[in-house]
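These values consider heavy atoms only, across backbone and side chains, with no hydrogens, waters or symmetry-generated copies. Keep in mind that this is a model prediction, so the values were computed, not measured.
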Amino acid sequence: MFDLQLEHSDKFDLQLQQQEVQHQNGIDSPQPIQQQQQQFLDFSTNNTSSSSDWGGNSQNPNFRNNIVSSNGEQDLNQEQKNMSAVRHSRDQIREMKKVFKHCPHPNQEEREKMSRVLGIAPIQIKFWFQNKRNQDKIMQEHRQNNLLRQENARLRIENEMRNEKLKNTICLHCKGPVSIGKMCFNQNKIRIENARLKAEIEKLSGVSRNHINAVESDYDITSSMIGELYYDGNDPFGSLLTPYFDKQKIVELAMVSMEELTRLTLAGAPLWISTNESESLNESEYIRVFPNVISPKHTGFISESSRESMIIFMNHVNLIKTLMNVNQWSAMFSDIVSKAVTIEVLSHGGLENYNGLVQVMSADFQVPSPLVRARENYFVRYCKKHQEGIWAVVDVSLDHLRPSSTTMPRSQRRPSGCLIQELPYGYSKVTWVEHVEVDHTTLLSNRFYNSLITSSLAFGAKRWVASLGRQCERLTCSIDTNVPTRDYCDNFQGRKILLNLAQRMKLCFSSIVGSSIESCWNVLTPDSHDVRVMSKTNTEPGTPSGVILNGGTSLWLPVLPKRLFDFLGNQNSRSEWNILSIGSIIKEMTHIRHGHDLGNYVSLFQVNNKNYMQNNNMLLLQDKSIDRTSSHVIFAPVDINSMNLVFNGGDPNIIALFPSGFAILPDGVQLSNGGPMLNSIGSGGCLLTISFQILVGLNPALKIENGWVEAAVNFIKNTCERIKVAMA
DNA sequence: TGAGAGACCCCCGTTACATCA
DNA sequence: GCTGATGTAACGGGGGTCTCT
């Protein structure tokens with residue numbers, strides 16, 4: 001650490017040490033310390049043998065500062081002259097900072113050693129460390145305060161919204177307004193108001209029906225309704241979609257769905273039924289209020305509906321931009337959305353915003369498990385600005401408009417989406433509605449996951465909103481300069497690089513962990529097999545080409561999701577589940593928080609084990625993330641030389657990432673109050689998906705042998721067994 | 001064995017000066 | 001050159017812990 005050589009006079013050291021001892025022993029010095037230091041200065045200037053100094057610089061100010069002279073007034077003037085030299089040099093501070101990182105409380109011996117090397121009195125080193133500890137503490141408190149202030153602002157807004165909502169809530173008994181601590185209004189007045197509202201609802205329903213009828217009978221594209229949507233009749237993206245008249249139907253369908261979604265987000269009971277902190281639609285009431293608006297339900301299909309609200313730290317403009325850009329949208333919801341594409345834009349909306357944008361899209365919706373079939377959807381997405389600060393984005397399936405010859409879809413989206421309300425300080429309130437009809441005979445294929453799916457925790461609004469909130473926190477942390485970070489990369493740029501790498505790793509993991517995988521993957525095990533093994537040729541530019549082998553499976557464990565998350569994310573317990581890391585010493589080099597919950601962070605580990613990390617030039621990048629509905633621990637080995645290149649301004653894409661890891665979901669059997677992931681739940685069970693990935697060879701033409709598949713299956717099974725034993 | 005004194009350390013707040021806009 | 005804000009080195013007081021008597 002102290003490799004800098006200093007020719008330092010022992011005489012000065014002795015005097016300084018004596019000075020410190022006297023000071024520490026409470027013996028009053030005949031002169032102030034600074035005056036004594038000035039005496040050292042005078043002594044120094046008269047003693048040529050002491051001219052060598054810090055780093056070969058004979059002008060070292062601190063060194064001069066430690067010198068004592070012996071006369072009075074003249075010294076004071078001299079002292080004032082040298083005040084500009086009171087501060088420690090950059091090199092000295094840098095070296096002390098290095099020590100501080102490992103040891104914020106150096107003992108006397110260590111201080112003396114530093115004193116000799118740095119040319120500062122031990123007492124000065126002691127002061128410096130004291131001040132540094134205080135500064136760090138103050139900074140830490142400052143950061144904590146900022147986080148708390150943000151949290152406070154969010155809670156205040158949420159509270160205001162709740163109060164507002166409460167004002168508008170209708171009492172189930174008397175149909176009147178509800179207020180805390182007050183009884184309902186005069187019943188006659190309430191009944192009159194109720195009748196008026198009912199009439200209004202009927203009227204609005206009539207408008208919807210008439211509207212649809214008008215669409216059925218009139219396909220004039222220049223009608224005032226469609227004109228509002230800026231539709232110009234041209235196909236800027238080519239005619240990928242459907243014949244001309246279908247597009248009019250789609251646009252009209254989008255508009256009607258928007259109306260339905262808006263009403264669904266604002267309605268209360270009896271349309272929505274509240275159970276266990278979640279809301280679902282009252283089916284009979286729904287049919288009464290929205291009769292045959294979209295399309296009849298397929299026989300045998302089951303409705304899944306849910307609604308959830310959340311205040312998120314993202315302004316409405318960015319949120320809408322994210323939702324309307326297919327790449328950003330699938331990245332934002334990477335653990336739910338896969339294979340998303342925009343097929344055709346039917347209307348481009350306003351020039352400066354997305355108001356009126358209508359686009360036809362397709363996407364697979366999945367849970368992170370190879371055992372659950374993904375839901376393929378073909379739908380239209382429409383964005384509309386309702387009034388200043390209030391926007392809505394709606395999706396609705398187009399499957400019923402497809403030619404009858406095509407395969408019957410296994411699920412379809414009824415009007416679903418979100419209402420976005422602009423809030424102060426860059427916040428938005430999002431009310432999310434998910435309403436789908438699903439063929440459970442084909443999509444409920446695994447008994448472990450059935451409860452999760454039917455509880456709406458897999459595909460419901462709660463999961464969408466939790467995922468959105470988590471991702472917003474992550475984005476905020478990546479641009480916040482006050483995020484707590486430890487060691488290795490303590491600068492903003494380095495932190496940003498690591499967070500981006502972790503995000504890339506997560507995207508890659510999400511794309512292979514579910515059942516909706518890209519066609520480039522070659523599945524090597526039969527569908528009936530517990531463990532799925534697949535391979536592909538890596539073609540990503542900048543990374544080593546070769547063959548990647550992936551193995552994955554899911555299992556149920558009788559433990560709380562949070563407990564499993566803590567276990568799998570803890571480097572000290574890694575050898576309990578990973579046979580390759582037994583005997584490893586894993587040291588965390590960097591720790592970057594990316595969320596309020598302490599479980600959300602990215603780490604960079606140094607692992608000294610050749611079995612595990614092939615060579616000493618590899619580090620382990622790990623991303624831990626948890627929200628109210630799911631959590632994951634994802635990790636990948638990264639080459640230390642490539643990392644250094646990237647930290648020095650190189651292209652991050654040169655870092656090859658082959659992520660492995662775990663996705664954890666609650667089993668959804670029985671939910672108590674609070675979030676299923678962060679708080680304990682009644683069921684006590686969770687669903688774990690394991691996915692391991694490895695580059696098996698650098699030859700792209702390599703043929704995968706059966707022995708490798710068997711080895712991969714055995715490795716996954718062994719890992720499962722180890723986790724089961726550890727959790728037992 | 002417990003009490004008291006002293007040494008040492010740390011935290012916290014303050015002061016004095018340097019630096020910068 | 002003056003001024004105010006901010007950063008930094010040094011200092012003092014209070015309190016805790018440990019050792020010795």
Side-chain angles (χ1 to χ4, degrees), chain A residues 2 4 6 8 12-44 53-55 57-70 72-146 148-149 480-482 484-486 490-492:
Chain A
F2 296 104
L4 295 156
L6 194 70
H8 192 262
F12 299 158
D13 264 357
L14 188 63
Q15 286 184 333
L16 286 167
Q17 281 167 19
Q18 284 172 344
Q19 186 187 7
E20 186 188 20
V21 168
Q22 281 185 351
H23 173 67
Q24 286 179 349
N25 288 349
I27 300 169
D28 288 333
S29 306
Q31 296 157 319
I33 292 242
Q34 280 181 344
Q35 205 169 330
Q36 289 184 34
Q37 288 171 346
Q38 187 58 44
Q39 290 173 338
F40 274 109
L41 172 67
D42 290 350
F43 186 89
S44 168
D53 58 26
W54 170 258
N57 178 2
S58 62
Q59 301 303 311
N60 175 27
N62 295 83
F63 199 67
R64 292 203 313 269
N65 198 33
N66 293 337
I67 310 300
V68 176
S69 85
S70 61
E73 199 177 320
Q74 197 183 344
D75 286 346
L76 197 63
N77 293 336
Q78 189 68 34
E79 188 183 337
Q80 283 167 352
K81 273 186 198 169
N82 285 289
M83 277 308 173
S84 62
V86 136
R87 299 197 172 194
H88 303 324
S89 73
R90 282 182 188 173
D91 289 334
Q92 289 168 328
I93 290 171
R94 193 183 60 233
E95 290 304 314
M96 285 194 284
K97 274 185 178 173
K98 273 188 192 172
V99 179
F100 185 84
K101 276 188 177 178
H102 307 279
C103 172
H105 291 273
N107 58 28
Q108 194 169 350
E109 195 183 331
E110 287 162 332
R111 288 201 301 268
E112 278 169 7
K113 191 181 168 192
M114 271 186 272
S115 162
R116 281 194 294 278
V117 176
L118 297 176
I120 314 175
I123 185 76
Q124 286 179 293
I125 290 174
K126 187 173 154 182
F127 285 146
W128 188 89
F129 275 81
Q130 277 177 3
N131 286 325
K132 180 73 179 158
R133 282 193 297 271
N134 284 343
Q135 284 165 14
D136 277 18
K137 193 178 177 188
I138 290 165
M139 290 287 283
Q140 183 67 29
E141 281 171 0
H142 183 69
R143 287 184 196 125
Q144 204 70 38
N145 284 343
N146 279 343
L148 287 171
R149 251 196 293 276
D480 184 355
T481 52
N482 281 325
T485 303
R486 290 206 302 263
D490 54 2
N491 63 67
F492 174 67

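- Computed from coordinates, the Trp128(A) CH2 to dC11(B) P distance equals 14 Å when rounded to whole Å.
- Rounding to whole angstrom units, NZ of residue Lys132(A) and C1' of dC10(B) are separated by 18 Å.
- Checked against dC9(B), dA9(C), dC11(C), the side chain of Lys126(A) finds its nearest nucleotide in dC9(B).
- Residue Phe100(A) comes nearest to Arg133(A) through the heavy atom pair CE1-CG, 3.7 Å, listed as atom of the first residue, atom of the second, then distance.
- Between His88(A) and Met96(A), the closest side-chain pair of non-hydrogen atoms falls below 4.5 Å.
- Across all strands shown, dC11(C) pairs with dG13(B); the Watson-Crick or G-U wobble distances both stay below 3.5 Å.
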What's touching nucleotides 15-20 of chain C from the protein side, N or O pairs under 3.5 Å?
none

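- Pairing each heavy atom of Ile125(A) with each of Arg111(A), the nearest pair is CD1-O, 3.6 Å.
- The pair Glu95(A)-Lys98(A) counts as a salt bridge, with a side-chain nitrogen and a carboxylate oxygen less than 4.0 angstrom apart.
- Here the closest heavy-atom approach between residue Gly119(A) and residue Gln92(A) is recorded as O-NE2, 4.2 Å.
- Side-chain N/O atoms of His88(A) include none lying less than 4.0 angstrom from OP1 or OP2 on dG7(C).
- Between the P atom of dC12(B) and the CZ atom of Arg133(A) lies a distance of 10 Å, rounded to the nearest Å.
- Side-chain proximity of Gln130(A) to dC9(B), dT8(C), dC11(B): nearest is dC11(B).
- In this structure, Gln108(A) reaches the dC9(B) phosphate: one of its side-chain N or O atoms is under 4.0 Å from OP1 or OP2.
- Scanning all heavy atoms of the two residues, the minimum distance from Phe129(A) to Pro106(A) falls at CD2-CD, 3.5 Å.
- Per the geometry, CD belonging to Glu110(A) stands 11 Å off P belonging to dC10(B), to the nearest Å.
- Residue Arg111(A) places at least one side-chain N or O closer than 4.0 Å to OP1 or OP2 of dC9(B).
- With rounding to whole Å, Ile120(A) atom CD1 is found 8 Å from dA10(C) atom P.
- Put simply, CG on Asn134(A) is 13 Å from P on dA9(C), counting in whole angstrom units.
- Distances shown here put a side-chain N or O of Gln124(A) below 4.0 Å from the OP1 or OP2 atom of dA10(C).
- Here dT14(B) presents its C1' atom at 11 Å from CG of Asn131(A), a figure rounded to the nearest Å.
- Looking only at side-chain heavy atoms (C-beta outward), Gln130(A) and Lys126(A) come within less than 4.5 Å of each other.
- Residue His105(A) has its side chain nearest to dC10(B) when only dC10(B), dC11(C), dA9(C) are considered.
- Note on Ile125(A): nothing from the nucleic acid sits closer than 4.0 angstrom, heavy atoms only.
- To the nearest angstrom, C1' of dT15(B) lies 13 Å from CZ of Phe127(A).
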